[in-house]
Amino acid sequence: MMLMSATTHVKIATSWLMQLGDEFDKPYMQILRKFLLHEKQAKKIIYPQGNQIFNAFNLTPFDEVKVVIFGQDPYHGPNQAHGLCFSVMPGVRIPPSLKNIYTELANDLHIAPAKHGYLESWAKQGVLLLNTVLTVEQGKAYSHQGKGWEQFTDQVIIRLNARQKPIIFILWGKHAENKSKYIDQNRHYVLKSAHPSPLSAHQGFFGNKHFSKINKILASEAMESIHWELPEIEKVANRR
C-alpha cells in the first residue's frame with residue numbers, strides 16, 4: 001500500500017511515509033519541490049521519471065531493510081535511472097561502476113556477471129539502494145546537489161539508525177563515508193571501501209568481499225541471506 005503526500009504529489013510507501021511524513025511539510029522540501037517544478041516548466045529533462053523518484057522506498061519497505069548501499073545521484077543519460085542507485089533499466093548498457101560491482105561479486109562469491117544492470121531483485125530482498133540525491137538534470141551529473149535532497153536522505157539514515165534491528169550500511173567512497181556520522185556502529189554494521197568507479201576501484205573496492213561479509217553478518221543475526229545472483233533479463237522483461 002502507498003499513500004500520496006499532499007505536499008509532494010509523489011507516491012511513497014506507507015511504511016516510509018510513517019517515518020518521513022513530517023519531512024514533506026518542512027521548508028527545505030517545499031523549496032526543493034518548487035525547484036523541481038521550475039526545472040520542469042523550463043522544459044528541462046529530469047531523471048528519473050516522477051513516479052520513480054521514490055522507487056527505492058517503494059521496493060524496500062522500512063521494516064524490511066537489511067542492507068543499505070549508498071550511491072551519489074542518479075544516472076543522467078536517457079532511460080538509465082529508475083530510482084535505485086547503481087541500477088539501470090533492462091536493455092540499457094551496464095555502467096562502468098556496476099561492471100566493477102559485478103566483477104567483485106564474481107571474485108567474492110563466484111557469481112557470473114549479469115548481462116543486464118537491473119537490480120530490482122536486490123531491492124526486493126531488503127537492500128535499500130539509496131542515492132543521496134534523488135534527481136538529476138539530463139546530461140549534467142550532480143546538477144541537483146545542494147537543493148535539499150541531502151537533508152531528506154540524511155533523515156532516512158537517522159530513522160533507520162533508530163531501528164533496534166541491526167542494519168548493514170555499505171559505504172563505498174568518501175561521499176558515502178560522510179554518512180557514517182549518523183550511524184550508531186554499536187548497534188549497526190558498517191562496511192567501508194573505495195568506490196567502484198573505474199577511477200578508484202583498484203584502490204580498495206576490488207577485494208573488499210562485502211557481498212560475502214554481508215551474508216555472514218545476516219546469518220549471525222538469524223536473518224535470511226541476500227541472493228545476489230540476478231534473474232535473467234528475459235524473466236525480468238516478461239514480468240514487467
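These numbers were taken from a predicted model, which means no experiment stands behind them.
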Would a 4.5 Å heavy-atom cut-off, applied to side chains only, mark E120 and K124 as touching? yes
Rounded to the nearest 0.5 Å, how far apart are CG of L128 and CG of L59? 10.0 Å
Does T135 reach the side chain of I53, with side-chain heavy atoms less than 4.5 Å apart? yes
Does the side chain of W228 come within less than 4.5 Å of S121's, by heavy atoms? no
If hydrophobic residues (ILVMFWY) are linked whenever their side-chain heavy atoms come closer than 4.5 Å, directly or via other members, who joins Y47 in its cluster? I45, V136
So OG of S15 and CD of E64: to nearest 0.5 Å the spacing works out to 7.5 Å
Return yes if some donor-acceptor pair links the side-chain N/O of E150 with the main-chain N/O of G146 below 3.5 Å, else return no. yes
Using the rule that Ile, Leu, Val, Met, Phe, Trp and Tyr join whenever any side-chain heavy atoms are under 4.5 Å apart, tell me whether F35 and V133 fall into a single cluster. yes
Measuring from atom NE2 of H210 to atom CG of L105, what distance do you get when rounded to the nearest 0.5 angstrom? 13.0 Å
Check: K192 and V190 side chains under 4.5 Å, non-hydrogen atoms: yes
In terms of heavy-atom contacts, does CZ of R93 have more than 12 from other residues, nucleotides or ligands at under 6.0 Å? no
Here the pair of heavy atoms bringing N58 nearest to A13 is OD1-N, 2.6 Å
Say whether, by atom type as modelled, one donor and one acceptor occur between the side chain of R163 and the main chain of V65 under 3.5 angstrom. yes
Using 30° and 60° as the class boundaries, would you call the ring planes of F206 and H202 parallel, tilted or perpendicular? perpendicular
Does the side chain of F152 reach to within under 4.5 Å of the side chain of L32, using non-hydrogen atoms? no
Cluster overlap F24 with M18, hydrophobic side-chain contacts below 4.5 Å: no
Before you tell me yes or no, could you show the steps for I217 and Y189 under side-chain contact (heavy atoms from CB on, under 4.5 Å), namely the whole-Å CA-CA distance, both residues' side-chain angles and the distance that decides it to 0.1 Å? CA-CA 8 Å; I217 292 170; Y189 298 88; 3.5 Å; yes
Just list the side-chain donor-acceptor pairs under 3.5 Å for residues 68-87, sequence neighbours left out, or say none.
unit_1, atom_1, unit_2, atom_2, d
D73, OD2, Y142, N, 2.7
Y75, OH, F86, O, 2.9
Q80, OE1, G77, N, 2.8
H82, NE2, S87, OG, 2.7
S87, OG, G117, O, 3.2
S87, OG, L119, N, 2.9

Atom pair CD (Q41) and NE2 (H38), whose distance is rounded to the nearest 0.5 Å: 7.0 Å
Between the side chain of R159 and the main-chain N/O of D154, is any donor-acceptor distance below 3.5 Å? no
Within the distance-only criterion (no hydrogens, no angle test), does the side chain of W16 pair as donor or acceptor with the backbone N or O of F54 below 3.5 angstrom? no
Residues D22 and Q19: closest non-hydrogen pair is OD1-O, 3.8 Å
Which atom of T132 lies closest to which atom of T153, heavy atoms considered: O-OG1, 2.8 Å
H188 ring center within less than 6.0 Å of F169 ring center: yes
Atom pair CG (L130) and CZ (F57), whose distance is rounded to the nearest 0.5 Å: 5.0 Å
Side-chain contact, heavy-atom cut-off 4.5 Å: H144 with E137? yes
Non-hydrogen atoms of M223 and P166 that approach each other most closely: CE-O, 3.8 Å
Applying side-chain contact (heavy atoms from CB on, under 4.5 Å) to L36 and W149, what does each step give before you reach the verdict? CA-CA 11 Å; L36 292 172; W149 282 126; 4.0 Å; yes
How about L218 and N215: do any of their side-chain heavy atoms sit closer than 4.5 Å? yes
Within 6.0 angstrom of E224 CD, more than 12 heavy atoms from elsewhere: no
Quick one: closest heavy-atom pair of Y118 and L230, and the distance? O-CD2, 3.8 Å
Measure the CG-CD1 distance between N208 and I170 for me, rounded to the nearest 0.5 Å. 8.0 Å
Note: S193 and G204 closest approach over all heavy atoms is CB-O, 3.6 Å
Test V88 against I94 for side-chain contact (heavy atoms from CB on, under 4.5 Å), laying out the working first. CA-CA 7 Å; V88 293; I94 301 171; 5.5 Å; no
Is the closest side-chain heavy-atom distance between H175 and E177 below 4.5 Å? no
Decide side-chain contact (heavy atoms from CB on, under 4.5 Å) for L171 and S180; before the verdict, give the C-alpha distance in whole Å, the side-chain angles of both, and the deciding distance to 0.1 Å. CA-CA 8 Å; L171 309 181; S180 63; 3.7 Å; yes
